[in-house]
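Atoms within each ligand, like the ligands themselves, are counted from 1 in listed order.
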Amino acid sequence: MLIENQHPNNRSIMVAVLGAPNAGKSSLINYLIGTDLSVVTSRAQTTRNKFHCVFTIDHTEVILVDTPGIHSSNLEINKRMNKEAMDGMLGVDLNLLLIDITSNIFPQFEQFHKRVSQRVGFKLGPTRVVFTKSDKIERVEELPLNEIVKEAKKLIPEIEGYFVLSSVSGDGIHTLTGALCDMAKSSPHHYKDGAMSNKNERFFVTEYVREQLFLRLKDEIPYEVAVTIDEYKENYDRETKTSDKVDISATILVNRPSQRAIVIGKQGSMIKEIGTSARERIEKFLDTRVFLKLHVKVSPKWFKNNMVLEEIGLFRAEDSARVWHRR
Ligand SMILES: Nc1nc2c(ncn2[C@@H]2O[C@H](COP(=O)(O)OP(=O)(O)OP(=O)(O)O)[C@@H](O)[C@H]2O)c(=O)[nH]1
Ligand SMILES: [Mg+2]
């Protein structure tokens, strides 16, 4: 869907941002778009869905596709998250393969290669490597990155060069931005001025509640929670012709009753903290007052349940399990 009557100098590029869990994909995207749209936490597998994040420089529109980290797992939810990541590459002009420079480097290329080659009928497009977290290495210029990329190219011939950057210090980011703009092709824009994503407000509300769960809960719990929206109601003010408050009711699904107790906390203290922080974040995002109501529901093994998985935007993968449960 393209916008009509566009400037003749308009250009556009769509870029998939890929890599292992925790490689720094969402951090880089937030830095590039200049706002904390995507959820970032120190835990792996924070991002579960692919979605577009857009920024424009002069007449150039850059559409970045955030994706879940590519990894190996036999769990149904993880298979579907991997599918989201792989689907994120469909129809893009360029792939950025993010490699965390502070972790073991070569296995990250191998894992990516393995996933790509497992996908039947899939042909990888032009790919550039992005070495992330350069601020964490003292003399990054002394690393043999040229040789590493040469070796990686033997495995993944579609690789064409690399960038080194930090989404904390900002080092190297302008080189990437410049290169993306140079690669953009003459084309009408796909997004209106000011639009940031292809996902709606409801999606980001669930993300920002989940963010608080990821930040505050330990062990396996963040991986065994999901957030769904039950009600999203804008209160329209006739005088100002704007929505002055949004009523949101959301459910936090947990796997076990003990997890429900932890999420609620002593005398409701934890759920209150989660609710307050999430509400503040959502108010900033929506630029309006928000009334947020959270329920915690035990839904055993929701992460194997097709209905729940589809509700949170994760669809059946090629290697999905056959047995599905009802809600
Ligand atoms: N020091 C430093 N930390 C970074 C940088 N980029 C990301 N991080 C940290 O790395 C962790 C993971 O970052 P994310 O952006 O969530 O990584 P991701 O690739 O989106 O992770 P998933 O969504 O789980 O696949 C967070 O704690 C970030 O703060 C960087 O350039 N420098
Ligand atoms: Mg992420």
Side-chain angles (χ1 to χ4, degrees), residues 15-53 64-73 75 77-89 95-105 107-109 111-112 115 129-140 143 145 162-177 196-197 199 203-204 206-208 210-218 220-227 281 303 312-314:
V15 184
V17 180
L18 307 148
N22 238 1
K25 301 176 290 300
S26 302
S27 301
L28 174 61
I29 288 174
N30 284 349
Y31 197 101
L32 288 170
I33 65 171
T35 173
D36 286 336
L37 182 67
S38 189
V39 171
V40 169
T41 77
S42 59
R43 285 169 167 268
Q45 298 173 30
T46 299
T47 306
R48 285 181 180 162
N49 306 86
K50 64 174 186 305
F51 59 96
H52 292 181
C53 302
L64 301 157
V65 189
D66 199 353
T67 61
I70 294 168
H71 59 292
S72 289
S73 169
L75 290 177
I77 184 170
N78 294 74
K79 288 178 182 173
R80 291 181 186 217
M81 280 162 57
N82 275 322
K83 174 186 158 60
E84 280 284 289
M86 299 304 292
D87 284 355
M89 283 187 261
N95 301 307
L96 291 179
L97 172 57
L98 270 58
I99 302 289
D100 181 344
I101 214 166
T102 66
S103 298
N104 215 346
I105 291 180
Q108 297 179 64
F109 286 109
Q111 178 67 253
F112 180 74
R115 277 278 145 198
V129 175
V130 176
F131 292 105
T132 60
K133 312 192 187 181
S134 67
D135 59 292
K136 282 189 146 181
I137 303 275
E138 247 178 48
R139 275 187 287 275
V140 81
L143 288 180
L145 297 180
Y162 69 93
F163 303 90
V164 188
L165 53 79
S166 161
S167 306
V168 168
S169 67
D171 281 355
I173 300 246
H174 63 282
T175 313
L176 172 66
T177 316
M196 274 199 299
S197 180
K199 289 278 190 188
F203 170 76
F204 289 103
T206 63
E207 283 295 276
Y208 299 151
R210 216 165 51 77
E211 173 175 56
Q212 293 307 319
L213 295 161
F214 262 67
L215 292 174
R216 287 163 200 280
L217 302 170
K218 286 190 283 218
E220 86 298 350
I221 304 183
Y223 302 105
E224 300 195 354
V225 296
V227 181
R281 175 91 147 102
F303 38 79
I312 61 171
L314 295 176

Which of the ligand 1 atoms, numbered from 1, are nearer than 4.0 Å to a heavy atom of [X]:
X	answer
R43	24 (O)
G69	25 (O)
A23	19 (O)
A44	24 (O)

Checking [Y] against [X]: is there a side-chain donor and acceptor pair closer than 3.5 Å?
X	Y	value
Q45	N78	yes
S166	S134	no
N30	S38	no
Q111	S72	yes

Minimum non-hydrogen distance to [atom], winning option of [options]:
atom	options	result
atom 21 (O) of ligand 1	T46, N22, D171	N22
atom 3 (N) of ligand 1	V40, L98, I173, V168	V168
atom 4 (C) of ligand 1	M81, K133, K136	K133
atom 13 (O) of ligand 1	S42, S38, S27, G170	S27

* To the nearest 10°, how many degrees is the angle T47 OG1 to the Mg ion (ligand 2) to S26 OG? ->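 Seen from the Mg ion (ligand 2), OG1 and OG are separated by roughly 90°.
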* For ligand 1, is there an atom lying under 4.0 Å from some heavy atom of G19? ->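 Contact absent.
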* Asked: Under 4.0 angstrom from ligand 1, any heavy atom of R48?
  ->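 Contact absent.
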* Looking only at non-hydrogen atoms, find the nearest pair between E84 and N49 and report the distance. =>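 Between these two residues, the closest heavy atoms are OE1-CA, 3.4 Å.
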* T177 and L32: which non-hydrogen atoms are nearest, and at how many Å? ->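 In terms of heavy atoms, the two residues are closest at OG1-CD2, 3.6 Å.
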* Charged N to carboxylate O under 4.0 angstrom, R281 versus E211? ->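 Result for this pair is yes, salt bridge flagged.
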* To do: Flag P21 as yes when one of its N or O atoms lies below 3.5 Å from any N or O atom of ligand 1, and as no otherwise.
  =>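 Min N/O separation from ligand 1 is not below 3.5 Å for P21.
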* Taking both backbone and side-chain atoms of L165, is any N or O found less than 3.5 Å from an N or O belonging to ligand 1? ->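 Between L165 and ligand 1 (N or O atoms, distance only) the closest approach is not under 3.5 Å.
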Would you mind checking which non-hydrogen protein atom is closest to [atom], with the distance to 0.1 Å?
atom	value
atom 25 (O) of ligand 1	K25 NZ, 2.8 Å
atom 17 (O) of ligand 1	G24 N, 3.2 Å
atom 26 (C) of ligand 1	T41 O, 3.3 Å
atom 31 (O) of ligand 1	S167 N, 2.8 Å
atom 1 (N) of ligand 1	D135 OD2, 2.9 Å

* So, is S38 placed with an N/O/S atom under 2.8 Å from the Mg ion (ligand 2), counting both backbone and side chain? ->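 So S38 does not count as coordinating the Mg ion (ligand 2).
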* Decide if the gap between the ring center of F131 and the ring center of F163 is smaller than 6.0 angstrom. =>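 They do not qualify: ring centres at least 6.0 Å apart.
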* **F51 ring center within less than 6.0 Å of F204 ring center** =>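 That pair passes the under 6.0 Å test.
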* Heavy-atom side-chain contact between L98 and L28 under 4.5 Å ->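 Touching, per the 4.5 Å side-chain cut-off.
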* Is there a side-chain contact between M81 and L314 (heavy atoms, below 4.5 Å)? ->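 Of all side-chain heavy-atom pairs linking L314 with M81, at least one is under 4.5 Å.
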* Asked: With a cut-off of under 6.0 Å to the ring centre and 45° to the axis, is R210 in cation-pi contact with Y208?
  ->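 Here R210 fails the 6.0 Å and 45° test against Y208.
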